[in-house]
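Please read the structure below before turning to the comments.
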There are 2 protein chains.
Amino acid sequence: MGNRDRILELSLKLLNEEGAQAAGTTRIAQVLGISPGNLYYHFRNREAIVRGLFAGLEAEFRAMMVDDVVPPILPERFAAFYLRSFDVAWNYRFFFGGLHHLLRQDEELAASYRQLQAWAIDELEGIVRQLVKDGSMEKPRSKNGLRSLGLNTWIIWMNWIRFVQISGRDQVTRDDMIEGVGQIFDLLVPYLDPAFEKAARRVLTRELRSNPT
Amino acid sequence: MGNRDRILELSLKLLNEEGAQAAGTTRIAQVLGISPGNLYYHFRNREAIVRGLFAGLEAEFRAMMVDDVVPPILPERFAAFYLRSFDVAWNYRFFFGGLHHLLRQDEELAASYRQLQAWAIDELEGIVRQLVKDGSMEKPRSKNGLRSLGLNTWIIWMNWIRFVQISGRDQVTRDDMIEGVGQIFDLLVPYLDPAFEKAARRVLTRELRSNPT
DNA sequence: GTCTATAAGCAGATAGAC
DNA sequence: GTCTATCTGCTTATAGAC
């Protein structure tokens, strides 16, 4: 593994553990046992490192959507998708924690992020739309109900981990992620076919059991 | 108005406009036309300024809850409450944008915040519980439905402005705030009495009309 | 590709005069 | 309460040798 990849790998670890603003280039180089000069050989500046990490997030996110969102959407698949989505969010949690600041200081990153976000919200709306088509879900009465549902899903998803972290639990566990999936389920519950909900919920319960605190 | 208050007032303005990490003590003092020494006479350190601002947020937030959440909850009152709540969030938007970082570097602030958050979630749950009591809302079927509804409300509320900002709208308008209230309404819609919803929604529409883009 | 050495700038914070 | 002057420590980033 070349130094470029080692820099990305360690940066992700440090930023996730200590916050998006905490680890500077000097420290990254030092922990890695390379020189600052070397680091700057591989990345024009600090922002380029973050952009490199974001590229990883984007790739994982898009791959997940392509793999998992295949109609018809069965309840097990549905639950698995959301569980996996929280794993992705967890792996790049620094990003969501420091989002505002990161985008403010890097217009290029901001543009990439906005594109991904717009696509993601569309996809999430597409999922609920598909559920309606599959007969697994009742259509909301209001005009923009499906859109709004997709948007609320996105907002809960992207902020759940930050919420858990700032709430001060000493250790964030996999159960916290499963709880996050539950929060998203609750958005859809009033519209979901009870049998579908029950089957999806069962997947979560099983995951909980397999990861005792 | 003494310098202490002027420091708080300007800090709030700068942090809101430029982000929670942007404005340093040097710059605050400079813009204000006072010396750094004077600033440090009034505040032990930068964190103390942020804590001072948080005290303002907390006071406004609690006052709002006490003033507006009085049973029975009528639809107009209900809508007005959420509109006002977004005004408060907007006035202290720097805080929610930089929350993760701010709490990480100030344990005292983190403790205050967590206390307020816990109380707020309880209150939001209390509101939906009251709506059920008033007969304006149907009770969710699931065991923790009301709790979950309160929690989702909180997460949307505290993250809506950050969402709007990172989405890159050039100008964040009052209409964006009204849209945020709409997102929260949509969480409750499936359970709400249609007449109640219609009356509450009408307040929002009227607000939209009175603030043309 | 990797190193050493260091520039340049800004942050938070303090001492002590007035 | 307010000032001037300054210190310390940090950061990003670069120049140029190997």
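Atoms considered below: every heavy atom in the structure, side chains included; atoms not considered: hydrogens, waters and symmetry mates. A note on names: the letters A, B, ... follow the listed sequences, proteins ahead of strands, and every chain is numbered from 1.
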Counterpart residues, salt bridge (charged side-chain N to carboxylate O under 4.0 Å, His left out), relative to E47(A) (two or more places apart): none
Enumerate all atom pairs, one protein N or O and one N or O from nucleotides 10-12 of chain C, separated by less than 3.5 Å.
unit_1	atom_1	unit_2	atom_2	d
dG12(C)	OP1	R46(B)	NE	3.0
dG12(C)	OP2	T25(B)	N	2.7
dG12(C)	OP2	T25(B)	OG1	3.0

Integer-rounded Å distance: dA15(C) C1' and Y41(B) OH: 16 Å
Provide a list of protein-nucleic acid N or O atom pairs under 3.5 angstrom, restricted to nucleotides 4-7 of chain C.
none

Atom-pair distance (CE on M1(A); P on dG1(C)), nearest Å: 14 Å
Expected list for residues 63-80 of chain B: side-chain donor-acceptor pairs under 3.5 angstrom, two or more places apart:
unit_1	atom_1	unit_2	atom_2	d
D67(B)	OD2	R84(B)	NH2	3.4
D68(B)	OD1	R84(B)	NH1	3.3
R77(B)	NH2	D67(B)	O	3.0

Any residue meeting salt bridge (charged side-chain N to carboxylate O under 4.0 Å, His left out) with R62(A), in chain and number order, not counting sequence neighbours: E58(A)
Results of side chain to side chain donor-acceptor pair (under 3.5 Å) for Q183(A) - residues two or more places apart only: S148(B), N152(B)
Anything under 3.5 Å between a donor and an acceptor, one on a side chain of residues 153-160 of chain A, the other on a protein residue two or more places apart or in another chain? List them.
unit_1	atom_1	unit_2	atom_2	d
T153(A)	OG1	L149(A)	O	2.7
W154(A)	NE1	Q117(A)	OE1	3.2
W157(A)	NE1	S85(A)	O	3.3
W157(A)	NE1	S85(A)	OG	3.0
N159(A)	OD1	R162(B)	NH2	2.9
N159(A)	ND2	I155(A)	O	2.9
W160(A)	NE1	D176(A)	O	2.8

D122(A)/R147(A) ion pair, N-O < 4.0 Å: yes
Atom-to-atom span, CD of E47(B) to P of dA13(C) - whole angstrom: 7 Å
Residue pair V128(A) / Y191(A), side-chain heavy-atom distance below 4.5 Å: no
Separation of atom CG in L39(A) from atom P in dG1(C), rounded to whole Å: 14 Å
Residues that E108(A) engages under salt bridge (charged side-chain N to carboxylate O under 4.0 Å, His left out), provided they are two or more places apart: R51(A)
Contacts of F54(A) that satisfy ring pair (Phe, Tyr, Trp, His ring centres under 6.0 Å) - sequence neighbours left out: F95(A)
Partners meeting salt bridge (charged side-chain N to carboxylate O under 4.0 Å, His left out) with E123(B) (sequence neighbours left out): none
Nearest-angstrom distance from the residue atom CZ of F43(A) to C1' of dA13(D): 15 Å
Set of side chain to side chain donor-acceptor pair (under 3.5 Å) partners for N91(B), sequence neighbours left out: none
Of residues 95-104 of chain A, the positions that come close to DNA chain C - non-hydrogen atoms, cut-off under 4.0 Å: none
I28(A) CD1 - dC10(D) P separation (whole Å): 16 Å
Spacing between Q30(A) atom CD and dT12(D) atom C1', to the nearest angstrom: 15 Å
Separation of atom CD1 in I49(A) from atom C1' in dA13(D), rounded to whole Å: 12 Å
Side-chain N,O (N3(A)) to OP1/OP2 (dT2(C)) below 4.0 Å: yes
